[in-house]
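In what follows, a structure is listed as structure tokens, so that the remarks can point back to it.
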Amino acid sequence: MALTNIQLDHIAVCLADSTRLSAGIAAARSRYPGISFTCCDASDMCDAVPYQVFAAFDLYLVDGNAHCWQVSGDPQAATGVLIARHD
């Protein structure tokens, strides 16, 4: 399942406009139930390059088409998003 730029923009708005990141994730999950959402600390992402950077979090695209998922920069290959919270 590819993610569109419109979907990614809506997801970013849900996350960025929320006063609590958990509420933003819940809103994004509600709007896009077919997309996988995962959350972690930014320090867990080591050298991975985020798709978008925000004040409170980084947004990564996840490609889960193979046996193991991997971070991707390609929305066409993405099956989900990973939100990495900043401290």
Side-chain angles (χ1 to χ4, degrees):
M1 171 182 164
L3 299 179
T4 67
N5 288 333
I6 292 171
Q7 288 173 313
L8 291 169
D9 289 345
H10 288 159
I11 290 167
V13 167
C14 285
L15 297 171
D17 284 352
S18 180
T19 56
R20 289 184 26 236
L21 191 53
S22 60
I25 294 169
R29 282 184 174 142
S30 175
R31 183 168 186 159
Y32 297 106
I35 297 174
S36 172
F37 290 87
T38 304
C39 191
C40 70
D41 290 325
S43 63
D44 292 336
M45 295 309 295
C46 300
D47 296 330
V49 177
Y51 181 74
Q52 288 182 290
V53 176
F54 297 88
F57 62 94
D58 295 332
L59 184 92
Y60 294 84
L61 302 181
V62 175
D63 178 353
N65 291 305
H67 177 69
C68 296
W69 66 265
Q70 61 186 2
V71 174
S72 173
D74 182 8
Q76 294 299 308
T79 60
V81 284
L82 186 144
I83 299 101
R85 298 179 305 261
H86 296 171
D87 291 335

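- Pairing each heavy atom of Ala78 with each of Leu3, the nearest pair is CB-CD1, 3.7 Å.
- Here the shortest heavy-atom pairing between Leu82 and Cys40 reads CD2-SG, 3.5 Å.
- Side-chain contact between Ile11 and Phe37 is present, with at least one heavy-atom pair separated by less than 4.5 Å.
- For Asp41, the side chain to side chain donor-acceptor pair (under 3.5 Å) criterion is met by Arg85, not counting sequence neighbours.
- Here the side chain of Asp58 pairs no donor or acceptor atom with the backbone of Ala42 at under 3.5 angstrom.
- Residues Gln7 and Ile35 come closest through the heavy atom pair NE2-CD1, 4.1 Å.
- Between the CG atom in Asp63 and the SG atom in Cys68 there is a gap of 11.5 Å [rounded to 0.5 Å].
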Walk me through whether Ile25 and Cys39 qualify under side-chain contact (heavy atoms from CB on, under 4.5 Å).
CA-CA 9 Å; Ile25 294 169; Cys39 191; 3.8 Å; yes
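- The structure places CZ of Phe54 at 11.0 Å from CG of Leu21, a figure rounded to the nearest 0.5 Å.
- Scanning all heavy atoms of the two residues, the minimum distance from His86 to Phe57 falls at NE2-C, 3.5 Å.
- Separating the OG1 atom in Thr4 from the CD atom in Gln76 is a distance of 9.0 Å, to the nearest 0.5 Å.
- Both Val71 and Val62 are part of a single hydrophobic cluster, where members link through side-chain heavy atoms under 4.5 Å apart.
- The closest side-chain heavy-atom distance from Ile83 to Leu59 is below 4.5 Å.
- Rounding to the nearest 0.5 Å places CH2 of Trp69 at 9.0 Å from OG of Ser36.
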Verdict with supporting geometry, Thr79 and Asn65, side-chain contact (heavy atoms from CB on, under 4.5 Å):
CA-CA 7 Å; Thr79 60; Asn65 291 305; 3.6 Å; yes
Expected list for residues 43-50: side-chain donor-acceptor pairs under 3.5 angstrom, two or more places apart:
none

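- In this structure, Leu61 and Val81 have side chains that are in contact, with non-hydrogen atoms separated by less than 4.5 Å.
- Using a 4.5 Å cut-off between side-chain heavy atoms of Ile, Leu, Val, Met, Phe, Trp and Tyr, with links allowed through other members, Leu8 and Leu15 fall into the same hydrophobic cluster.
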